[in-house]
Amino acid sequence: MEIRPIVASLKKHRIPAVLIVLEIALACAVLCNAVFMVHQCIASVNSSNAIDEAGMSVITVGGIDASQAPAAIVRDLAAFHSIAGVKAAAAVDRVPLDHDVWLGSYSATPTEAGWINSSIYFLGDGGERAMGLRLLQGRYFTPEEYAGGAVGADGKSTSHVVIINESDAKRLWPGQNALGKQLYSDETVWTVIGVVADVLAQAPDFSGGTGKYSSVFFPLRPDVELGRYVLRSSPADRDRVLAQAMRALGTLEPGAVLEGHAYVDMRSAYFADVRGMAWMLTLVCAVMLAVTALGIVGLTSFWVGQRRRQIGIRRAVGATHAQILRYFQTENFLLSTAGVLLGVVLAVAANLYLVRHYEVGHLPWSYLASSVLALWVLGQVAVLGPALRAAAVPPVVATRSV
Amino acid sequence: MSYYFGLAMRSLRRNRMLTALMVLTLALGIGASMTTLTVLRLLSGDPLPGKSAQLYYAQIDPYSKDEPFSRSGKMPWLMSYTDAMNLLDAHKAPRQAAIAQSQIKLIPPDARRRPFFSDGVMTTADFFTMFDVDFQYGSGWSAQDDRNAAPVVVISDYLNEQFFGGGNSVGRSLRLGDKDFRIIGVLKPWAPQPHFYALHLGGSDYGRGAAVFLPLRAARTAGMEPRNTFFYAPGDRQVLETAPVIWLGFWAELPDSSAAAAYRQFLADYVQQQIALGRFQQSHVKLSNLMTWLSDQQVVPDKVRMQTGLAFSFLAICIVNTVGLLLAKCLRRSGEIGVRRAMGASRSAIFAQFMMEAVLLGLAGGVLGFVFTEFGLWCIRQQPAEYASLVHLDGRMFAVTFGMSLAASLFAGVLPAWRACKVAPAPQLKAA
């Protein structure tokens with residue numbers, strides 16, 4: 001296809017051409033960044049979490065007397081175990097994605113300042129089974145380690161053993177076996193006895209990117225610190241088990257503040273914001289593309305209408321339907337190309353701004369490429385109607401005045 | 001004028017599809033940007049208009065040089081008990097308050113109802129006068145009560161409603177945790193948005209605010225724990241009053257900038273003194289005005305600011321689109337313009353005629369945009385965010401909706417109208 005006549009004609013209609021280019025450029029810039037952010041939102045909502053999320057229920061018990069707590073925990077757990085369908089039950093201090101955070105920093109040497117916000121989990125006896133941790137290496141805590149574990153006056157576990165996440169094992173001792181290694185926090189030291197598949201942080205958005213999969217587990221005897229019960233059952237039994245456990249606790253702990261949730265609901269509540277953002281971005285993108293397409297249709301239709309006579313003349317001197325059609329398609333392709341080129345520049349600039357001011361990553365090239373492709377396709381689809389109408393102009397128009 | 005109005009109406013009616021498309025585009029852009037703007041304005045508003053200029057937040061840094069609070073040089077958000085008490089006792093500002101938030105177990109007077117947790121503010125006597133908190137019944141406590149750890153409590157209007165049916169409950173007893181407190185005051189509805197006084201203290205930044213307010217020492221004696229604690233050194237953590245931990249926000253009311261400068265100097269001197277005593281290593285201090293403090297701490301969620309940016313980009317696309325469509329429309333009418341020009345209409349008359357069309361579009365876009373904004377806000381109210389229930393379109397934002405729609409359509413109309421008035425009459429007449 002000869003491009004020169006198209007360029008010449010565009011030069012005569014500079015303003016509409018510039019408007020189409022500008023619209024496509026803006027759409028391209030917004031599309032790249034919005035799709036990228038939607039993708040990041042989805043990735044965060046789908047963050048893996050190596051516990052038995054589907055079978056877990058969590059009951060938070062608050063406001064009970066510290067001195068009564070150890071006896072109450074033993075008694076309450078016994079009651080849970082008598083509920084049909086309970087596979088495991090334990091008291092823990094915190095669960096992932098619950099906003100309630102206890103962070104510390106750990107390192108492989110005593111002197112190195114830790115900068116990672118690691119989530120600290122204290123597990124009561126059987127906590128690993130109740131949460132459904134996945135052991136990759138080593139072993140879990142023994143009953144003796146559970147019975148001996150306490151929280152010291154300095155807020156650190158008095159136990160000498162620790163279980164860590166797979167990511168921490170790789171980060172702290174790259175290329176080595178983490179089992180038996182010493183884990184430090186200031187001058188306190190623990191021996192790594194087990195490595196589990198990555199458990200999420202208590203609040204990943206607070207602990208930041210590096211803290212997301214940094215979790216440490218310590219054993220703890222029945223203690224007021226263990227303010228959450230975790231019950232594990234099959235997903236089908238879960239809601240019934242939770243309801244029964246809540247009823248049992250209601251009579252056992254009349255003065256306590258109780259709150260029970262299926263873990264899947266806690267997870268969904270934690271990410272509700274992010275999901276809302278993803279939907280909003282998707283909606284805006286869809287409407288924006290529709291507006292852009294309609295704009296192209298509108299401008300091209302007007303254009304075709306204005307050039308009926310020229311089209312007629314071209315048809316009269318021998319141009320075929322297909323040639324007229326292709327003329328408008330090529331013209332749109334040229335405009336789209338100019339638009340996406342400008343759009344890519346804008347998109348990268350917008351992304352750089354977002355990276356500077358917000359927690360957004362660098363835009364991968366694939367997003368630019370797919371947005372460019374999407375807008376090319378959009379342009380071609382939008383121009384098809386007006387172009388067909390142009391191709392349908394009969395040659396006889398040339399002989400009439402418009 | 002009315003003639004232009006008639007012409008514009010006729011022209012808009014002639015091309016219904018195109019007109020509808022332009023109004024819809026404009027309205028979508030307006031709806032999206034007004035929705036996000038309303039949320040942004042709510043979240044970044046002045047929580048205490050008229051008073052905020054005199055309120056200052058003080059920060060000092062007990063962290064060591066080797067293990068600072070943050071790698072990027074941010075000051076610690078909170079203060080240790082020792083430092084907060086030292087500053088309070090120095091009385092260098094007309095009013096000062098140290099604040100922490102706690103999750104407090106409330107026990108309803110109706111014994112059949114289960115206890116529940118609510119946010120409670122643990123603070124010192126000046127809190128109420130400093131933050132212009134009005135009382136429905138009773139009053140706050142005194143500095144004497146602070147020193148004596150008097151077991152008194154001020155409750156919010158909504159808790160009073162819930163527990164005592166909204167009556168005068170001053171003098172009654174309220175059980176918090178496992179201690180009894182005497183109610184000495186009931187607040188009028190008070191919930192500055194955001195809860196500037198509770199930033200970094202745990203709990204929500206927006207919403208209805210704390211249920212109870214207690215003297216700091218009394219609350220601590222009753223065993224209430226702050227929600228947020230940051231330990232800045234290893235050591236015994238049992239007693240928060242003496243442990244190496246920061247957990248209190250510190251506010252001072254300073255009438256003017258010279259008072260603020262003097263207070264800043266006082267803070268710097270205090271820190272130097274602590275360095276001499278070996279308690280501190282870092283000498284930087286910060287005294288921020290309330291609004292500066294809020295913007296420095298980025299209290300408005302990133303999400304909201306990004307959405308606003310996105311909505312305005314979308315509005316830009318909508319405007320470009322409207323320019324294009326208006327231009328197409330007016331160039332199609334070159335013949336008509338030629339006739340009008342030939343019959344003696346001046347360029348400015350043509351320009352005015354086309355601008356009138358843009359104005360009508362803007363008004364229609366504003367009406368529909370208002371509908372879209374209300375819908376958008378309704379969607380936001382369905383979300384779980386803590387500020388969701390507060391999002392409403394007030395009179396001013398309603399006016400802004402129309403203003404913005406008109407501005408957008410006038411902006412979009414200038415180029416087409418200018419092109420229209422440049423049309424030379426002769427060739428058009430010939431062609432016709």
Side-chain angles (χ1 to χ4, degrees), chain A residues 15-16 19-20 22-23 26-27 29-30 33-34 37 62-63 65-66 104-105 113-115 152-156 185-188 250 254-259 269 272-274 276-277 280-281 284 287-288 291-292 294-296 298-299 301-303 305-306 350 353-354 357-360 401-402, chain B residues 17-18 21-22 24-25 28-29 32 66-67 71 103-107 114-117 177-178 223 227 231 233-238 243 301-303 305-307 309-311 313-314 316-318 320-325 327-329 331-332 334 379-380 382-385 415-416 419 431-432:
Chain A
I15 293 176
L19 286 175
I20 289 190
L22 203 60
E23 205 176 331
L26 283 170
V30 173
N33 283 290
M37 281 196 273
D65 194 332
S105 46
W115 281 112
D154 61 355
K156 290 178 179 138
S185 173
D186 300 317
E187 265 84 62
T188 318
V257 182
L258 303 175
E259 213 183 306
D273 247 24
V274 183
M277 177 84 175
M280 190 250 181
L281 287 170
V284 169
V287 175
M288 181 192 73
V291 165
T292 310
L294 288 176
I296 295 175
L299 272 180
S301 301
F302 149 70
W303 212 312
Q306 248 202 346
Y353 176 83
L354 289 175
H357 297 273
Y358 303 94
E359 276 192 26
V360 173
S401 68
V402 184
Chain B
M17 265 309 284
L18 202 59
L21 190 61
M22 284 190 285
L24 186 70
T25 314
L28 282 170
D66 298 334
E67 287 190 51
R71 265 176 295 185
Q103 269 209 301
I104 291 176
K105 181 168 137 187
L106 298 179
I107 293 143
R114 284 199 74 90
F116 60 93
F117 279 120
D178 47 11
R227 288 187 71 160
F231 289 87
D236 197 320
R237 298 186 172 189
Q238 302 287 62
D302 277 0
K303 192 188 80 175
R305 285 185 295 159
M306 279 200 261
Q307 282 173 348
L310 180 74
S313 316
F314 177 59
I317 292 176
C318 292
V320 171
N321 195 23
T322 311
V323 176
L325 295 179
L327 189 68
K329 209 161 159 265
L331 289 187
R332 190 178 283 179
S334 300
C379 289
I380 287 183
Q382 309 310 309
Q383 294 204 348
L415 182 70
R419 288 285 301 199

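Here is the naming used below: chain letters follow the sequence lines, and residue numbers restart at 1 for every chain. FYI, side chains are in, hydrogens and waters are out, and symmetry mates aren't considered; it's all heavy atoms of this structure.
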* Asked: Do you know which of A/Gly104, A/Gly295, A/Ala29 has the most heavy-atom pairs under 4.5 Å to chain B?
  -> A/Gly295

* Checking side chain to side chain contact (heavy atoms under 4.5 Å, CB included) for the pair B/Phe116/A/Glu259: CA distance, chi angles, key distance, verdict? -> CA-CA 9 Å; B/Phe116 60 93; A/Glu259 213 183 306; over 6 Å; no

* Structure fact -> A/Leu299 and B/Leu325 have their tightest heavy-atom pair at N-CD2, 4.3 Å

* To do: Count the heavy-atom pairs under 4.5 Å between each of B/Gly235, B/Ala316, B/Ala311, B/Ser313 and chain A, then report the option with the highest count.
  => B/Gly235

* Please flag which part of B/Ala32 lies under 4.5 Å from any non-hydrogen atom of chain A: side chain, backbone, both or neither. => neither

* Asked: Yes or no on side chain to side chain contact (heavy atoms under 4.5 Å, CB included) for A/Leu294 and B/Thr25, after CA distance, side-chain angles and deciding distance?
  -> CA-CA 9 Å; A/Leu294 288 176; B/Thr25 314; over 6 Å; no

* Which pair of heavy atoms, one from B/Ile317 and one from A/Leu26, lies closest together, and at what distance? -> CG1-CB, 3.4 Å

* Sort B/Leu415 into side chain, backbone, both or neither according to what part of it lies under 4.5 angstrom from a heavy atom of chain A. => side chain

* Any side-chain heavy-atom pair of A/Asp154 and B/Pro234 under 4.5 Å -> no

* Residue A/Leu354 versus chain B: region with a heavy atom under 4.5 Å -> side chain

* Asked: Side chains of B/Arg114 and A/Val257: closer than 4.5 Å at any heavy-atom pair?
  -> no

* Asked: When only pairs under 4.5 Å are counted, which of A/Gly255, A/Ser185, A/Gly152 shares the most heavy-atom pairs with chain B?
  -> A/Gly255

* chain A heavy atoms under 4.5 Å from B/Arg227: which part of the residue, side chain, backbone, both or neither? -> neither

* To do: Check whether A/Val360 gets within reach of chain B through its side chain, its backbone, both or neither, counting any heavy atom under 4.5 Å.
  => side chain

* Structure fact -> Comparing A/Ala27, A/Pro254, A/Pro16, A/Ala34 against chain B, the one with the most heavy-atom pairs below 4.5 Å turns out to be A/Pro254

* Asked: Under 4.5 Å between any side-chain heavy atoms of A/Thr292 and B/Asn321, yes or no?
  -> no

* **Proximal component of B/Leu21, with respect to chain A [non-hydrogen, under 4.5 Å]** => side chain

* To do: Measure distances from A/Met277 to the heavy atoms of chain B and classify the residue's part below 4.5 Å as side chain, backbone, both or neither.
  => both

* To do: Identify which of B/Leu327, B/Ile107, B/Thr322 forms the greatest number of heavy-atom pairs closer than 4.5 Å to chain A.
  => B/Leu327

* **Minimum heavy-atom distance A/Met288-B/Phe314, with the two atoms named** => CA-CE1, 3.6 Å

* CE/A/Met280 to CE/B/Met306 distance, rounded to the nearest 0.5 angstrom? -> 11.0 Å

* To do: Go through B/Pro115, B/Cys379, B/Gly29, B/Gly309 and name the one with the most non-hydrogen pairs under 4.5 angstrom from chain A.
  => B/Pro115

